[in-house]
Amino acid sequence: MEFLSTFLFADWLTKPVWMWLMFIGIVITLLVLDLGVLHKEHREISARESLVLSAVYIGLGLAFGGWVWWSLGAQPGMEYLTGFAVEKALAMDNVFVIAMIFSFFAVPLKYQHRVLFWGILGVIVLRAIMIGFGAAIVSEFSWVLYVFAVFLIATGVKMIVFADKEYDVAKNPLLAFMRRRFNVTDEHHGEKFFVKRQDPKTGKLAWFMTPLFLALILIEVADVIFAVDSVPAIFAITTDPFIVYTSNIFAILGLRALYFALAAMVKRFHYLKLALAIVLIFIGSKIFAAPLLGLDKIPPVMSLSVTFAILALGVVYSLWKMRGIPQEKLG
């Protein structure tokens, strides 16, 4: 019993082990409920159900932020909420790319949730690895934060310059490589990622990838690309690994629900991408601004307020500019 108590209250990555275990337990419970109870059978997710689930996930993420605020203090609480808001906004871009991938492979609506579920599992592991490496590097070399800051500013500027350039799935080099090196079917086989069929080249039975699996791989790769932006962004807000990882994962957990709610109308949020670019520039700039102002860091309340204000303005302006335009004309 004494050993267990010592283990649970031992520090791991700046926080007691029990905090990490509690968070992991919450995530596992949500995933089991999602796939094992709510979506045990393959079916289409309605927009209404999607909005309800998205609201539930956002509520849980904010509730966890409230617990962080109560247990760790106001500053970590505000840093968590800022990171959560930025990750949710970045997810909007991810939703658009996922929608194009599903459209390209003609993935039936009733199987899209399966792909997204396994995609989320991959995201949880990949983000843990990337954040772990990031935390180790930042703790050893604090100047890396300035590299992150420059990268965020450059990314924000690039997003503004290439705001109207769309992601082209057909030109993805990974897709061309997989089709060239592996057996791939042209048609779907229900919910299966792999099927065994006769190889036309050898006449023998062989395993073939289905378009559903190719969609999953491209979604995972897309998340890695987005993580290259989001991980430096959250480290520019806080270097606490617990805050970084939990805000990331809670924002991503609701991505499936958010996708089904917004995939059809994501183009109505056209100016959110511009707002997000400005947020990234702001987050990167404040790393340089703090020393010039004689501060260790820009106050979290200011970061949170500015971030929310920019993102809210992007959403409101997008909806106002796109009002009255029929959905079919948006594409």
Engineer: Kindly give the heavy-atom pair with the smallest separation between Ala275 and Gly314, and that separation in Å.
Structural biologist: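 Heavy atoms only, the tightest pair is CB-CA, 3.8 Å.
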Engineer: Given a cutoff of under 4.5 Å between side-chain heavy atoms of I, L, V, M, F, W and Y, with clusters grown through shared members, what are the other residues clustered with Phe133?
Structural biologist: Val125, Ile129
Engineer: Tell me which pairs pass side chain to side chain donor-acceptor pair (under 3.5 Å) where either residue lies in residues 128-151, with sequence neighbours left out.
Structural biologist: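 Not a single pair qualifies under side chain to side chain donor-acceptor pair (under 3.5 Å).
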Engineer: Tell me, do Lys273 and Leu276 make a side-chain contact under 4.5 Å, heavy atoms counted?
Structural biologist: no
Engineer: Answer with yes or no whether the hydrophobic clustering places Phe282 together with Val157; edges join I, L, V, M, F, W, Y residues whose side-chain heavy atoms lie under 4.5 Å apart.
Structural biologist: yes
Engineer: Does Leu21 share a hydrophobic cluster with Ile131, counting links as ILVMFWY side-chain heavy atoms below 4.5 Å and allowing steps through other members?
Structural biologist: yes
Engineer: Taking side chain as C-beta onward, heavy atoms only, is His188 less than 4.5 Å from Tyr111?
Structural biologist: no
Engineer: Applying salt bridge (Lys or Arg N to Asp or Glu O under 4.0 Å), name anything that partners Arg179, two or more places apart in sequence or on another chain.
Structural biologist: none
Engineer: Where do Leu145 and Ile287 come nearest, in terms of heavy atoms and distance?
Structural biologist: O-CG2, 4.2 Å
Engineer: Within a strict 4.5 Å, meaning less than it, do heavy atoms of the Ile249 and Phe23 side chains meet?
Structural biologist: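 Yes, at least one pair of side-chain atoms sits under 4.5 Å.
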Engineer: According to a hydrophobic-cluster definition based on side-chain heavy atoms being under 4.5 Å apart (Ile, Leu, Val, Met, Phe, Trp, Tyr only), do Trp70 and Trp18 belong together?
Structural biologist: yes
Engineer: Could you state the interatomic distance from CE (Met159) to CG (Leu152), rounded to the nearest 0.5 Å?
Structural biologist: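 The CG atom of Leu152 is 11.0 Å from CE of Met159, to the nearest 0.5 Å.
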Engineer: In chain order, what residues pass the side-chain contact (heavy atoms from CB on, under 4.5 Å) check against Leu60, with sequence neighbours excluded?
Structural biologist: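 By the side-chain contact (heavy atoms from CB on, under 4.5 Å) rule, Leu60 matches Leu30, Val56, Phe250.
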Engineer: Could I get the full list of side-chain contact (heavy atoms from CB on, under 4.5 Å) partners for Trp320, not counting sequence neighbours?
Structural biologist: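 Tyr317, Arg323.
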Engineer: Who passes side-chain contact (heavy atoms from CB on, under 4.5 Å) against Lys88, sequence neighbours left out?
Structural biologist: Ile58, Phe84, Ala251
Engineer: Quick one: does Ser303's side chain get under 4.5 Å of Met78's, heavy atoms only?
Structural biologist: no
Engineer: Enter the distance from Leu253:CG to Ser54:OG here, rounded to the nearest 0.5 Å.
Structural biologist: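 Interatomic distance, Leu253 CG to Ser54 OG, rounded to 0.5 Å: 11.5 Å.
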Engineer: Verify the cluster assignment for Leu174 and Phe102: are they in a single hydrophobic cluster under the rule of side-chain heavy atoms below 4.5 Å apart?
Structural biologist: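 Result: yes, single cluster for both.
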Engineer: Pairs in or reaching into residues 18-32: which pass salt bridge (Lys or Arg N to Asp or Glu O under 4.0 Å), with residues at least two apart or in two chains?
Structural biologist: none
Engineer: Shortest non-hydrogen contact from Phe288 to Pro291?
Structural biologist: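 Reported closest heavy-atom pair: O-CD, 3.2 Å.
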Engineer: To the nearest 0.5 Å, tell me how far Ile283 CD1 sits from Thr155 OG1.
Structural biologist: 11.5 Å
Engineer: Should Met100 and Ser103 count as side-chain neighbours, where that means a heavy-atom distance under 4.5 Å?
Structural biologist: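 Side-chain contact under 4.5 Å: no.
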Engineer: Which heavy-atom pair separates Phe117 from Leu31 by the least distance, and what is that distance?
Structural biologist: CE1-O, 3.6 Å
Engineer: Taking Ile153 as the starting point, is it possible to reach Val150 by hopping between hydrophobic residues whose side chains are less than 4.5 Å apart?
Structural biologist: yes
Engineer: Report the distance from atom CH2 of Trp69 to atom CZ of Phe64, rounding to the nearest 0.5 Å.
Structural biologist: 15.0 Å
Engineer: Rounded to the nearest 0.5 Å, how far does CD1 of Ile101 lie from CD of Gln112?
Structural biologist: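 Answer for the CD-CD1 pair, Gln112 versus Ile101, is 11.5 Å.
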Engineer: Where is the tightest heavy-atom contact between Ala277 and Ile160, given as atom of each residue plus distance?
Structural biologist: CB-CG1, 3.6 Å
Engineer: Any non-hydrogen side-chain atom of Leu72 less than 4.5 Å from a side-chain atom of Tyr80?
Structural biologist: no
Engineer: How about Lys204 and Asp199: do any of their side-chain heavy atoms sit closer than 4.5 Å?
Structural biologist: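 No, every pair of side-chain atoms sits at 4.5 Å or beyond.
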Engineer: Which side-chain N or O atoms in residues 232-245 pair as donor and acceptor under 3.5 Å with protein atoms at least two apart or in another chain?
Structural biologist:
residue: Thr238; atom: OG1; partner: Glu79; partner atom: OE1; Å: 3.2
residue: Thr238; atom: OG1; partner: Asp240; partner atom: N; Å: 3.1
residue: Asp240; atom: OD1; partner: Thr14; partner atom: OG1; Å: 3.3
residue: Asp240; atom: OD1; partner: Phe242; partner atom: N; Å: 2.9
residue: Asp240; atom: OD2; partner: Lys15; partner atom: NZ; Å: 2.5
residue: Tyr245; atom: OH; partner: Ile124; partner atom: O; Å: 2.9

Engineer: State which residues pass side-chain contact (heavy atoms from CB on, under 4.5 Å) with Arg181; sequence neighbours excluded, sorted by chain then number.
Structural biologist: Phe177
Engineer: For the OG1 atom of Thr246 and the CH2 atom of Trp67, what is their distance to the nearest 0.5 Å?
Structural biologist: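 Here the rounded value is 8.5 Å.
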Engineer: In terms of heavy-atom contacts, does CE of Met302 have more than 12 from other residues, nucleotides or ligands at under 6.0 Å?
Structural biologist: no
Engineer: With a 4.5 Å limit on heavy-atom distance, are the side chains of Phe148 and Val231 in contact?
Structural biologist: no
Engineer: Side-chain donor-acceptor contacts of residues 205-223 below 3.5 Å, not counting sequence neighbours, with atom names and distances?
Structural biologist:
residue: Thr210; atom: OG1; partner: Lys192; partner atom: O; Å: 2.7
residue: Thr210; atom: OG1; partner: Phe193; partner atom: O; Å: 3.2
residue: Thr210; atom: OG1; partner: Leu212; partner atom: N; Å: 3.4
residue: Asp223; atom: OD1; partner: Arg127; partner atom: NH2; Å: 3.0

Engineer: Going through the checks in order, is the side-chain contact (heavy atoms from CB on, under 4.5 Å) test met by Asn248 and Val123?
Structural biologist: CA-CA 10 Å; Asn248 251 261; Val123 168; over 6 Å; no
